[in-house]
Amino acid sequence: MATTPAHRRKARQTAAAWRWVYDDPRWALLRDQVLSEEPLCRASCGRPPTVVDHIRPHRGNEQLAFDRANLQAMCKPCHDAKTARETGFADGGRRLQHTARVTLVCGPPCSGKTTWVREHAEPGDLVVDWDALAVALGSPHGHEHPAALRPFIAEARDAVLARLDRAHNLNAVWVIATAPRHADRERLAPGANVVLLAIPEDECVRRARRDGRPGDTIEAIESWWRVYRADQMTPAT
């Protein structure tokens with residue numbers, strides 16, 4: 001479908017609504033930092049970078065906008081091509097569809113997140129599960145992962161989630177995470193439907209012991225609840 005004046009007008013209005021990010025003093029400092037740290041375009045074209053790109057589009061989300069880990073240096077041609085794919089105006093202006101229902105399922109360890117998703121997901125749905133990614137990347141245990149692997153697990157998860165901003169044929173996406181803070185949930189899946197399995201702490205501990213979970217699982221459960229309760233008491237800004 002060709003672009004229309006209405007499509008172009010809406011795109012301009014959306015860009016204007018996010019303009020505040022680039023007028024914020026923090027952006028100039030981050031931009032200079034990224035360009036000084038990365039001498040070549042991250043798209044591997046070999047050209048020197050002139051633009052700082054958001055790996056995962058921020059869509060006005062403050063955490064994504066100013067997260068150094070979400071930034072990369074690119075040359076303008078590579079950046080423009082990436083932006084066209086993300087906004088859906090690629091292939092000569094034909095609008096690409098990439099909408100899917102995203103559900104973030106979160107809660108403490110042993111709250112039944114994976115089981116809940118298994119019971120609700122349909123064949124062909126995308127399931128993004130930290131533990132499953134860890135095992136796929138070499139972790140010897142389903143619930144306890146070597147510290148050296150964790151940065152790679154995080155990057156693999158974030159890369160999959162970033163791919164959702166490009167054209168695809170998915171109907172539903174399920175993201176499994178502990179995410180005790182509201183900010184954690186918003187960073188992982190902005191605008192997603194959130195299912196919070198706040199299973200009581202003593203029940204999660206009972207399940208951990210019953211299932212023979214690793215020794216630090218109980219500590220992780222207690223930590224989740226401490227952070228969650230503190231976050232609930234923090235006034236929204």
Exercise. Relative to the ring of H54, is the ring of H58 parallel (under 30°), tilted (30 to 60°) or perpendicular (over 60°)?
Worked result: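 Geometry flag for H54 against H58: perpendicular rings.
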Over 60° means perpendicular and under 30° means parallel, so classify the ring planes of W116 and H120, tilted if in between.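 Taking W116 first and then H120, their aromatic rings lie parallel (interplane angle under 30°).
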When you compare the side chain of V128 with that of I176, does any pair of heavy atoms fall below 4.5 Å? no
Would you say that V195 contacts V117 through its side chain, given a criterion of any heavy-atom pair below 4.5 Å between the two side chains?
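Contact flag for V195/V117 side chains = no.
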[atom1]-[atom2] distance between [X] and [Y], expressed to the nearest 0.5 angstrom:
X	Y	atom1	atom2	value
L35	M74	CG	CE	12.5 Å
I153	D158	CD1	CG	12.0 Å
L29	D24	CG	CG	9.5 Å
L104	N193	CG	CG	9.0 Å

Distance-only, no hydrogens or angles: does the [X] side chain make a donor-acceptor pair with backbone N or O of [Y] under 3.5 Å?
X	Y	result
N70	D67	no
R118	K113	no
R31	V52	no
W224	T178	yes
D231	H182	yes
K76	V51	no

Where do [X] and [Y] come nearest, in terms of heavy atoms and distance?
X	Y	result
S111	I199	O-CG1, 3.5 Å
C106	R185	SG-CD, 3.4 Å
L64	P190	CD1-CG, 3.9 Å
C110	C204	CB-O, 3.6 Å
A208	I221	CB-CD1, 4.1 Å
A121	W174	CB-NE1, 3.5 Å

Path from [X] to [Y] over hydrophobic side-chain contacts below 4.5 Å:
X	Y	value
V173	V160	yes
L137	L161	yes
V175	L126	yes
L188	L133	yes
W130	V227	no

**Message:** More than 12 heavy atoms of other residues, nucleotides or ligands under 6.0 Å from CZ of R42: yes or no?
**Reply:** yes
Any chance CZ of F152 has more than 12 other-residue heavy atoms, nucleotides or ligands included, within less than 6.0 Å?
-> no
Open item on the list: Please determine whether side-chain contact (heavy atoms from CB on, under 4.5 Å) holds for the pair L71 and W27, giving the CA-CA distance in whole Å, both sets of side-chain angles, and the decisive distance to 0.1 Å.
Closed with: CA-CA 11 Å; L71 301 176; W27 176 250; 3.8 Å; yes
For this session: Test L40 against R47 for side-chain contact (heavy atoms from CB on, under 4.5 Å), laying out the working first.
Result: CA-CA 6 Å; L40 294 175; R47 289 186 287 254; over 6 Å; no
### Query
Which pairs count as side-chain hydrogen bond (donor to acceptor under 3.5 Å, both in side chains) when at least one residue sits in residues 207-223, sequence neighbours excluded?
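Of all non-adjacent pairs touching residues 207-223, those that pass side-chain hydrogen bond (donor to acceptor under 3.5 Å, both in side chains) are E203-R207.
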Next on the checklist: Quick test of your reading of the model: are E201 and R226 salt-bridged, counting only N-O distances below 4.0 Å?
Outcome noted: no
Salt bridge or not for R206 and D202, using N-O below 4.0 Å?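 Looking at R206 and D202, the cut-off is not met.
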Those residues at least two apart in sequence (or on a different chain) that pass side-chain hydrogen bond (donor to acceptor under 3.5 Å, both in side chains) with E37 are Q33, R68
Can you list, pair by pair, the side-chain donor-acceptor contacts under 3.5 Å of residues 143-151, counting residues two or more places apart and other chains?
unit_1	atom_1	unit_2	atom_2	d
H143	ND1	D131	OD2	3.4
H145	ND1	S139	OG	2.7
H145	ND1	H141	O	3.3
H145	NE2	D131	OD1	2.7
R150	NE	H145	O	3.3
R150	NH2	H145	O	3.0

| task | May I have the step-by-step check of salt bridge (charged side-chain N to carboxylate O under 4.0 Å, His left out) for K82 and D53, ending in yes or no? | result | CA-CA 9 Å; K82 177 176 179 288; D53 170 68; 3.0 Å; yes
